[in-house]
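Every chain is numbered from 1, with letters handed out A, B, ... down the list of sequences. Below, all heavy atoms of this structure are taken into account, side chains as well, without hydrogens, waters or symmetry copies. Everything numeric in this text was worked out from a predicted model, so none of it was measured.
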Amino acid sequence: MDFKQIEEKWQKKWAETKLYKFDRDRVDKKYYCLEMFSYPSGAKLHAGHWYNYGPADTFARFKRMQGYEVFQPMGFDAFGLPAENYAIKTGIHPEDSTLKNIATMEAQLKRIGATYDWDYEIKTCLPDYYKWTQWMFLQLFKHGLAYQKEAPVNWCPSCNTVLANEQAQGGVCDRCGSTVTHKNLTQWFFKITAYADELLDGLDKLDWPEKTKLMQKNWIGRSYGGEIVFDVKGSEEKIRVFTTRADTVFGVTYVVLAPESPLVDRLTTPAQKEAVEAYRKKAAEATEIDRMSSTREKTGVPTGSFAINPVNGREVPILVADYVIASYGTGAVMGVAAHDERDYVFASKLGLPIERVIKGEEGQDDTLPFTEYGTLVNSGEFDGLKSEDAKLAILKKLESEGKGCLKTNYRLRDWLVSRQRYWGAPIPVIHCEHCGAVPVPEKDLPVLLPKNVNFTPNGESPLKKCDEFMHTTCPVCGRPALRDADTLDTFVCSSWYYLRYPDSKNADAPFDSEWINKMLPVDKYIGGAEHACMHLLYARFFTKVLRDLGYLNFDEPFLSLVHQGTILGPDGNKMSKSKGNVVSPDDSIQKYGADAFRLYLMFGFNYVEGGPWNDSGLEAISRFIDRVERLVKKCFENFVSAPFGKAEKELNRVRHLTIKSVTNDLEHFSFNTAVARLMEFVNAIYAYDSSVPQKNAMFKDCVRDLVLLLAPFAPHCAEELWEMLGEKYSVFNAPYPVCDEKATVLDEVELAVQINSKMRAKVTVPTDADSAAIEAAAVDAVKDMLGDKPVKKVIVVKGRLVNIIA
RNA sequence: GCCGAUGUGGCGGAAUAGGCAGACGCAAGGGACUUAAAAUCCCUCGAUGGCGACAUCGUAUCGGUUCGAGUCCGAUCAUCGGCACCA
């Protein structure tokens, strides 16, 4: 086949006939199949992109052939850091490079032959999209879900700029190599923690990979415990700590504050000031990941102040240590060296007391640090209680004294959405000296991102230097005021794009609720596992907020989720320009065609796992397509119409088994086994062809089914073969074959016979034989090997094996 | 470090609910057809031993549960993804 000509021919025809146009009148049969949208990077589409989009398109075509009205849109997540960095380096404006990249990618995506309905395309960097991103911000603001607070950013003192984590790896600035420090800025947050419980509990009903749900669950990290209040000696200050082990509170020998905690300023004694400040400065240079490492050497310095343990009045030292993270819990922890690994190491290092308050069971090794539950000792009136009961009893008592309470803590933090960058959606807030932070009225949206801005790093958000952007009037009092100079995290843009697609041309609203409630939720969402905890959580959060605001009548955006794996370079590393291991599909497509290429991607890898690129099987796939073509040509030979003989029955059985397993494999994104089944079917048709003297007319039915089964995998070739068979356009309007269960049943099955679990023989029995008959046949088959050993037990697994224990 | 995965022939990968390990394909070797090549078709193809029908071993390592473990449990090692400003 001349692939090139066929691809052009059918892509043109599909476009002309609008084959993929979503028919709004058939919304009751809709199937919303969504791949995570692309980031428009400068590089051309590589093999990895084809791997994301080709198999997903196969799935969409399969659903279409099953009779669904498939909605499969595509768009671009177009704001973000790389375009801005590229601009700083080359002087090419992010808007120019981004729109150019998008145009290139659109052309390339069309060559895959994917069934996108481009009428619904979205680009997040265009005002008619980000207008509504800003609108989303305003809704959250209005309902108390957006707020400002101080938070640290990575800061390079030498470049005088904020750095993304990616640019600050290893605590070193990737532009100049200076040590990265932290700096506090007032920034906007979304209160995702308000939905922590619902985000956690809602996971149960989702058809998502279990590991993804588990990761989200751990990310949200709900733990039940209590808050305990420590007074400070000679001060009105109070230190609140969260603990899941209130049973160990009698063993507290010190209290630790995070270096960032505002309490540190107020509690450090003059004598300790210098040491504490030096320590804080050093801590600001450490990355959070390093700080959380439990193998890292523990360090800390005393503040000079003392806290009073509320259960026994004991005075314990207050220290500052960087293993305590300000953003988790209250930014302060109670130190129980005897019953916590980390505290034990810390106390040993700093020479702090270690005192046992929990004993293990009789005979249990309870050498310190003993971190399991046990029985309380040295704990006053609570001695003798079990840990589980003591936790509650102690917290109840503290509560009655106003010194503690039961509390649920989450690892999840509120979502920081401010970015001190240019290439993003401006935050629609006006800062007025008199009225404070005032939201931009909805009628004034979008707040346009000005094009002429100097975004070379010089210590401030780039927009701050743009006077005509910054200066405005307060919508409340009308006096001069300044706009917020930061832009929104691109994750905000991608948290709601799936809602925009079906109504992407709506100028009056982000979407028409009535329509969106018919089109959503997304039925199948496909994208990388790396999004498990962030994008996929943010999108769920947005959906729940919009439901609570009355815009949506569903509470989960993605009912069913599949992660595709990653195609690595041939060297096993992630494809990247700098490593020089990017695999371009162009040569392969030139040689074998787009269909062979995408078919190979499906056959050569486990879709969910991915793996290093190798093209050793590509030629074989091309041969496979040729083999199918030759079968189509055989359909014009002579046939007989006669009742099925043994050979026909067998071929028909393979045919229906193939339909059954290919359908099932596609439902589960098991493309490689589906292709294998198609190959087996082809082999079976050839075997039939060469073994019977006169082909039965059912041969043609088999080939016809084969072309239909193949169509989602190799769309251009299948469309051509379908035409060759004399069928009417389009193969994608023909129904996918359905398995006839009766045809798949065998009269006899072969079972393995084991003696003492070792394979010894095979035996063939009627399919409907009962256990006794199978047992008898099996014992008979191996009676020579058994000799006169008595049979103790026989295990029969129908359809599989018989195990004789002798 | 923490959270989540993964580990099967020379290679990519199969193996529903614990039941014949290695489907399908690549590579390799042998053969047929051909003046020759290409294409196509047929055979072999985990390791070891044996002329042989066969036997023993074998799913990262060590241990456990079970009539039976690639699959379940425990420990170890290695690799990959995420860790909140890459998206």
Item to check | Phe605(A) and Tyr51(A) aromatic ring geometry - parallel, tilted or perpendicular at 30°/60° bounds | outcome: perpendicular
Are there any protein N/O atoms within less than 3.5 Å of an N/O atom in nucleotides 14-23 of chain B, and if so, which ones and at what distance?
from	atom 1	to	atom 2	distance (Å)
A14(B)	OP1	Asn606(A)	ND2	2.6
A14(B)	OP1	Asn672(A)	ND2	2.9
A14(B)	O5'	Asn672(A)	ND2	3.3
G19(B)	N2	Asn803(A)	ND2	3.4
C20(B)	O2	Lys762(A)	NZ	2.5
C20(B)	N3	Lys762(A)	NZ	3.1
A23(B)	O2'	Glu680(A)	OE2	2.9
A23(B)	N3	Arg677(A)	NH2	3.2

Next on the checklist: Determine whether the aromatic ring centres of residues Phe671(A) and Phe603(A) are separated by less than 6.0 angstrom.
Outcome noted: no
Checklist entry - So is Arg421(A) actually on top of Phe455(A)'s ring, under 6.0 Å and inside 45° of the axis? => result no
Item to check | Watson-Crick or G-U counterpart of C77(B), or none if no pair lies under 3.5 Å | outcome: G7(B)
Checklist entry - According to the Watson-Crick and G-U wobble definitions, with both distances under 3.5 Å, which nucleotide is paired to C24(B)? => result G12(B)
Checklist entry - Should the ring pair Tyr497(A) and Phe37(A) be called parallel, tilted or perpendicular, given that the plane angle runs from 0 to 90° and is split at 30 and 60? => result parallel
Checklist entry - Going by the angle between their ring planes, with limits at 30° and 60°, are His535(A) and Tyr525(A) parallel, tilted or perpendicular? => result tilted
Item to check | Row check, Trp50(A) ring normal vs Arg598(A) NZ/CZ: under 6.0 Å, within 45° | outcome: no
Checklist outcome for this item: When rounded to whole Å, the CG to P distance for the pair Asp689(A) and C41(B) reads 12 Å
Item to check | Spacing of the P atoms in C62(B) and G46(B) (rounded, Å) | outcome: 23 Å
Next on the checklist: I'd like the P distance from C54(B) over to A60(B), given in whole Å.
Outcome noted: 28 Å
Next on the checklist: With a 3.5 Å limit on both atom pairs, tell me what G46(B) is paired to, counting Watson-Crick and G-U wobble, or say none.
Outcome noted: C57(B)
Checklist entry - Base, backbone or nothing for each nucleotide of nucleotides 71-87 of chain B, written B, S, -, heavy atoms under 4.0 angstrom, 5' to 3'? => result ----------BSBBBBB
Checklist entry - What interatomic distance, in whole Å, is found between C1' of C33(B) and the corresponding atom of C51(B)? => result 32 Å
Checklist entry - How many Å lie between CE on Met602(A) and P on G13(B), as a whole number? => result 16 Å
Checklist entry - Given atom CZ of Phe624(A) and atom C1' of U40(B), what is their separation to the nearest angstrom? => result 17 Å
Checklist outcome for this item: If pairing means Watson-Crick or G-U wobble with both distances under 3.5 Å, then the partner of C41(B) is G31(B)
Checklist entry - Under 4.0 angstrom, heavy atoms only, what part of the nucleic acid is Ala532(A) near: base, sugar-phosphate, or nothing? => result nothing
Checklist entry - Using the benzene-type ring in the case of Trp, are the ring centres of Phe558(A) and Tyr498(A) under 6.0 Å apart? => result yes
Item to check | Value in whole Å for how far the P atom of G1(B) lies from NZ of Lys298(A) | outcome: 12 Å
Checklist outcome for this item: Rounded to whole Å, the CD-C1' distance (Glu629(A) to U40(B)) equals 15 Å
Checklist entry - Taking atom C1' in both U59(B) and A21(B), what distance in whole Å separates the two? => result 7 Å
Item to check | Separation of atom OH in Tyr51(A) from atom P in G12(B), rounded to whole Å | outcome: 14 Å
Checklist entry - Salt bridge between Asp486(A) and Arg419(A), side-chain N to carboxylate O under 4.0 Å? => result no
Next on the checklist: Which is it for G10(B), anti or syn, if anything within 90° of zero counts as syn?
Outcome noted: anti
Checklist entry - With ring centroids as reference points, do Tyr323(A) and Phe346(A) lie under 6.0 angstrom apart? => result yes
Next on the checklist: Could you check, using the six-membered ring where one of them is a Trp, whether Trp496(A) and Tyr129(A) have ring centers closer than 6.0 angstrom?
Outcome noted: yes
Item to check | Rounded distance in Å between the C1' positions of G63(B) and A55(B) | outcome: 28 Å
Checklist entry - Which whole-number value in Å describes the distance from Trp613(A) CH2 to G13(B) P? => result 12 Å
Checklist entry - On a whole-Å scale, what distance lies between the C1' atoms belonging to C11(B) and A28(B)? => result 11 Å
Next on the checklist: Can you see if the side chain of Arg623(A) gets near the phosphate of C26(B) - specifically, an N or O under 4.0 Å from OP1 or OP2?
Outcome noted: yes
Item to check | Nearest-Å distance once atom P is located in both C42(B) and U56(B) | outcome: 34 Å
Next on the checklist: Rounding to an integer number of Å, can you tell me how far Leu618(A) CG sits from A27(B) P?
Outcome noted: 11 Å
Checklist outcome for this item: Of Lys758(A) and Glu619(A), the one whose nearest nucleotide on RNA chain B sits closer to the 5' end is Glu619(A)
Next on the checklist: For Tyr147(A) together with Trp188(A), are the ring centres under 6.0 Å from each other?
Outcome noted: no
Checklist outcome for this item: Relative to its sugar, using the 90° cut-off around 0, the base of A28(B) is anti
Item to check | Pairwise P distance, G50(B) and A17(B) [rounded to whole Å] | outcome: 42 Å
Next on the checklist: OP1 or OP2 of C41(B) versus the side-chain N and O atoms of Arg627(A): is any pair under 4.0 Å?
Outcome noted: yes
